[in-house]
> 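Got a structure for you, questions after.
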Amino acid sequence: MARTSLFILLLLLSIVCLSGAMKPARPSRRSRARAYVENECNKTRYPSLCIQYLAVYANSTIQTPQQLAQAALSVSLYKALQTRTFMMKVAKELKAMKSKDYQAVKDCLDQICDSVDQLSESVRELHRLERLDVAGGDDAFWHISNVETWVGSAMTDASTCLDEFSGRDMNKLRAVIKAKVLNVAQTASNALSMFHRYAAKYKP
């Protein structure tokens, strides 16, 4: 658990560095980079959401499918972490109140915790694939399959969580949770799409 927490902390620090610590690009270069991000986002299932979250990376250092895949996976993990934190707080409050919504929220929280673990693994696996590019090796397809499996599982868990909040019995709290979990599922979907385009270079 401590190793996972340290990994996530380092990941979030890397997100901050990518988005804010770089030297500002010249306007023309930034415009080209943003156009590149928008063009790639328009190929995803949720383009507006993709542009909203990845536009911050539209600088001269984010210009390749590899860099976009890394950014998209990091964003997806970050949204899952935010959702988990929110739901842990809500579950604690509902349990204290002995609310009828507690069990549904607790079941959904379990799924989101799984999504966090799976997205964390996918980011690790992408880093391994990137190191393979540098060092050389024959395990590329194995790493690609792992990333696809982890992200796909995270999407499935988020969808399972959404099932807890289907139907007409939708109060304000349930609506907020549903929106946050849907956001996790959609950013994961976009990240998988970005990763597929990056991984295409390994195909014969």
Side-chain angles (χ1 to χ4, degrees), residues 1-19 37 40-41 44-47 49-57 62 65-91 105-132 140-165 177-199:
M1 181 68 181
R3 291 181 63 188
T4 299
S5 299
L6 177 61
F7 169 77
I8 292 173
L9 175 60
L10 292 173
L11 171 67
L12 295 180
L13 286 173
S14 72
I15 294 174
V16 172
C17 289
L18 277 171
S19 61
V37 170
E40 294 302 303
C41 280
T44 66
R45 189 170 182 180
Y46 307 100
L49 192 70
C50 179
I51 293 170
Q52 176 186 345
Y53 290 139
L54 294 185
V56 67
Y57 295 100
I62 305 294
Q66 175 185 339
Q67 292 163 339
L68 272 179
Q70 182 178 351
L73 282 171
S74 298
V75 166
S76 183
L77 174 56
Y78 180 65
K79 302 310 288 187
L81 285 165
Q82 283 186 322
T83 301
R84 183 182 68 176
T85 299
F86 172 79
M87 292 188 65
M88 288 176 68
K89 179 176 181 292
V90 170
V105 172
K106 176 62 169 60
D107 291 344
C108 183
L109 174 59
D110 290 342
Q111 299 295 330
I112 291 301
C113 286
D114 287 343
S115 290
V116 168
D117 291 341
Q118 290 149 356
L119 289 168
S120 297
E121 289 294 340
S122 73
V123 172
R124 287 191 186 97
E125 204 63 42
L126 178 57
H127 286 317
R128 294 183 188 113
L129 182 59
E130 291 166 351
R131 288 198 296 270
L132 191 68
F141 289 108
W142 186 74
H143 291 298
I144 290 169
S145 177
N146 287 342
V147 174
E148 292 173 340
T149 297
W150 288 122
V151 180
S153 296
M155 292 167 60
T156 299
D157 283 329
S159 296
T160 301
C161 174
L162 288 172
D163 291 341
E164 297 288 339
F165 301 96
I177 292 174
K178 184 175 181 179
K180 287 180 176 294
V181 174
L182 184 62
N183 187 268
V184 173
Q186 291 177 344
T187 55
S189 172
N190 285 346
L192 187 58
S193 177
M194 292 289 189
F195 176 75
H196 280 156
R197 286 199 289 282
Y198 162 57

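Numbering starts at 1 and runs along the sequence shown.
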> Evaluate L73 against L126 for side-chain contact (heavy atoms from CB on, under 4.5 Å), listing each step before the verdict.
CA-CA 9 Å; L73 282 171; L126 178 57; 3.6 Å; yes
> Considering residues at least two apart in sequence or located in another chain, which fulfil the side-chain contact (heavy atoms from CB on, under 4.5 Å) criterion with E148?
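With sequence neighbours excluded, E148 shows a side-chain contact (heavy atoms from CB on, under 4.5 Å) to I144, L192, F195, H196, given in chain and number order.
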> Does any part of the side chain of F165, heavy atoms only, come nearer than 4.5 Å to the side chain of V105, both counted from C-beta?
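They are in side-chain contact.
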> Is the side chain of S145 donor-acceptor paired with the backbone N or O of F141 at a distance under 3.5 Å, no angle test?
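Not at all, since once roles are kept as given, no pair shorter than 3.5 Å links the two residues.
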> To the nearest 0.5 Å, what is the distance between CG (D117) and OG (S153)?
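With rounding to 0.5 Å, CG (D117) is 11.5 Å from OG (S153).
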> Taking only residues two or more places apart in sequence, or in another chain, which ones meet T44 in a side-chain hydrogen bond (donor to acceptor under 3.5 Å, both in side chains)?
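In terms of side-chain hydrogen bond (donor to acceptor under 3.5 Å, both in side chains), with neighbours along the sequence ignored, T44 is linked to N190.
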> Will you find, in the side chains of S193 and R197, an N or O donor that is under 3.5 Å from an N or O acceptor?
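Short answer, yes.
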> Work out which heavy atom in A154 is nearest to a heavy atom in S115; give both atom names and the distance.
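Closest heavy-atom pair between A154 and S115: O-OG, 3.0 Å.
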> Yes or no on side-chain contact (heavy atoms from CB on, under 4.5 Å) for Q186 and Y53, after CA distance, side-chain angles and deciding distance?
CA-CA 12 Å; Q186 291 177 344; Y53 290 139; over 6 Å; no
> Quick one: side-chain contact (heavy atoms from CB on, under 4.5 Å) partners of L162, sequence neighbours excluded?
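With sequence neighbours excluded, L162 shows a side-chain contact (heavy atoms from CB on, under 4.5 Å) to K178, V181, L182, given in chain and number order.
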> Please identify each residue that fulfils salt bridge (Lys or Arg N to Asp or Glu O under 4.0 Å) with R45, with sequence neighbours left out.
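Residues passing salt bridge (Lys or Arg N to Asp or Glu O under 4.0 Å) with R45: none at all.
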> Working to the nearest 0.5 angstrom, can you tell me the gap between I112 CD1 and D107 CG?
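The distance works out to 12.0 Å.
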> Output yes when a side-chain donor or acceptor of T156 lies under 3.5 Å from a complementary backbone atom of G152, and no otherwise.
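The answer is yes, because a donor-acceptor pair under 3.5 Å joins these two groups.
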> State the SG-CE distance between C113 and M88, to the nearest 0.5 angstrom.
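One gets 6.5 Å once the value is rounded to the nearest 0.5 Å.
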> Once salt bridge (Lys or Arg N to Asp or Glu O under 4.0 Å) is applied, do any residues pair with E125, and if so which ones, sequence neighbours excluded?
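Salt bridge (Lys or Arg N to Asp or Glu O under 4.0 Å) list for E125, sorted by chain: R128.
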> Sub-3.5 Å donor-acceptor pair from the side chain of S74 to the main-chain atoms of Q70, do we have one?
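Yes, S74 side chain to Q70 backbone: donor-acceptor pair under 3.5 Å.
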> Just do the side-chain contact (heavy atoms from CB on, under 4.5 Å) check on N183 and T83 with the steps written out, would you?
CA-CA 9 Å; N183 187 268; T83 301; 5.9 Å; no
> If you take all heavy atoms of V184 and K79, which pair is closest and at what distance?
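The pair with the smallest heavy-atom distance is CG2-O, 3.8 Å.
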> Find the distance between CH2 (W150) and CD (Q118) and round it off to the nearest 0.5 Å.
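Rounded to the nearest 0.5 Å, the CH2-CD separation comes to 6.5 Å.
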> Find the distance between OG (S76) and CE (M155) and round it off to the nearest 0.5 Å.
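The CE atom of M155 is 9.0 Å from OG of S76, to the nearest 0.5 Å.
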> Report yes if some heavy atom in the side chain of S122 is under 4.5 Å from a heavy atom in the side chain of L119; otherwise report no.
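The answer is yes; the side chains approach within 4.5 Å.
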> Between V116 and R84, what is the shortest heavy-atom contact and its length?
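Nearest heavy atoms, V116 then R84: CG1-NH1, 3.7 Å.
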> Check salt bridge (Lys or Arg N to Asp or Glu O under 4.0 Å) between D163 and all other residues, then give those that pass, not counting sequence neighbours.
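In terms of salt bridge (Lys or Arg N to Asp or Glu O under 4.0 Å), with neighbours along the sequence ignored, D163 is linked to no residue.
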> For the pair Q82 and T85, evaluate side-chain contact (heavy atoms from CB on, under 4.5 Å) and give the outcome as yes or no after the intermediate values.
CA-CA 5 Å; Q82 283 186 322; T85 299; 5.9 Å; no
> Working to the nearest 0.5 Å, report the span between CD of E121 and CG of N146.
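If we round to the nearest 0.5 Å, E121:CD and N146:CG are 9.0 Å apart.
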> What I'd like to find out is whether the side chain of L54 reaches to under 4.5 Å of the side chain of M194, using heavy atoms alone.
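Result yes, sub-4.5 Å side-chain heavy-atom pair found.
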> For a 4.5 angstrom cut-off between non-hydrogen side-chain atoms, does Y46 reach T187?
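Contact flag for Y46/T187 side chains = no.
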